[in-house]
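Naming: A, B, ... by sequence-line order, numbering from 1 per chain.
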Amino acid sequence: MRYWLMKSEPDVYGIEHLAKEPTKTTAWWGVRNYQARNFMRDDMAVGDLAFFYHSSCPEPGIAGIVKVVKRAYPDATQFDRASKYHDEKATLEAPRWFNVDVKLVKRTPLLPLAELRAHPELADLRILQRGNRLSITPVEPGHWQFVMQLLDPH
DNA sequence: GCCAACGTTGGC
DNA sequence: GCCAACGTTGGC
């Protein structure tokens, strides 16, 4: 089982939206970056845990924890001509884009990006690397544990 | 709004 | 296959 960090813009879809879903579950669709897609399609398994990260907002940071509850399957929006995520090169036989389903495990007090940066133990965390733009990144178990400790010191 | 960093596109 | 131009991301 692996750990991940998944970015979302709270204006578009934040942890509050997820918390309001009847099943507290959502499809993580709209990824249009090959590296992020590969992580989802090839490496994400049911039971994997991820930090839900708020980006492009006044207070970027970790806002909660989610769990993968459904393995990668084709992202429906790639076939939808009306969607801005439509991809004319994608076919049903050879879908290009995928999503997974994630379920809210728990919301957390916001752990701001600035605080993540303040801990030398997290210096190698992918999200903190210069120029990082990947919306989905793996998190090493050691980093995961460290952040969990920050979220809940007891 | 600025700008650095990166991915994608397209001409050659 | 190279690489310049362009678009996007995302923190500040």
Checklist entry - Restricting to pairs with a member in residues 110-120 of chain A, which pass salt bridge (Lys or Arg N to Asp or Glu O under 4.0 Å), not counting sequence neighbours? => result none

Item to check | Angle of first-five versus last-five pair axes in the helix from B:dG1-C:dC12 to B:dC12-C:dG1, to 10 degrees | outcome: 10°

Checklist entry - For A:Y3, which residues count as a ring-ring contact (aromatic ring centres under 6.0 Å, His included) partner, sequence neighbours excluded? => result A:W144

Checklist entry - side-chain contact (heavy atoms from CB on, under 4.5 Å) with A:R133: which residues, sequence neighbours excluded? => result none

Item to check | Of residues 111-126 of chain A, the positions that come close to DNA chain C - non-hydrogen atoms, cut-off under 4.0 Å | outcome: A:L113, A:R117

Item to check | Residue list, ring-ring contact (aromatic ring centres under 6.0 Å, His included) with A:F98, at least two apart or on another chain | outcome: none

Checklist entry - Which class fits the ring pair A:Y13 and A:H17: parallel under 30°, tilted 30 to 60°, perpendicular over 60°? => result parallel

Item to check | Set of side-chain contact (heavy atoms from CB on, under 4.5 Å) partners for A:P138, sequence neighbours left out | outcome: A:W4, A:F39, A:R126

Checklist outcome for this item: Residue set satisfying side-chain contact (heavy atoms from CB on, under 4.5 Å) with A:K24, at least two apart, ordered chain then number -> A:L104

Next on the checklist: Clusters formed by hydrophobic residues whose side-chain heavy atoms approach within less than 4.5 Å: which one holds A:W97, and what are its other members?
Outcome noted: A:Y34

Checklist outcome for this item: Min and max contacting nt of DNA chain C in 5' to 3' order, chain A heavy atoms within under 4.0 angstrom, are C:dG7 to C:dC12

Item to check | Residues that A:D87 engages under salt bridge (Lys or Arg N to Asp or Glu O under 4.0 Å), provided they are two or more places apart | outcome: A:R96

Next on the checklist: Restricting to side-chain contact (heavy atoms from CB on, under 4.5 Å), what partner residues turn up for A:S55, sequence neighbours left out?
Outcome noted: A:K7, A:E9, A:Y53

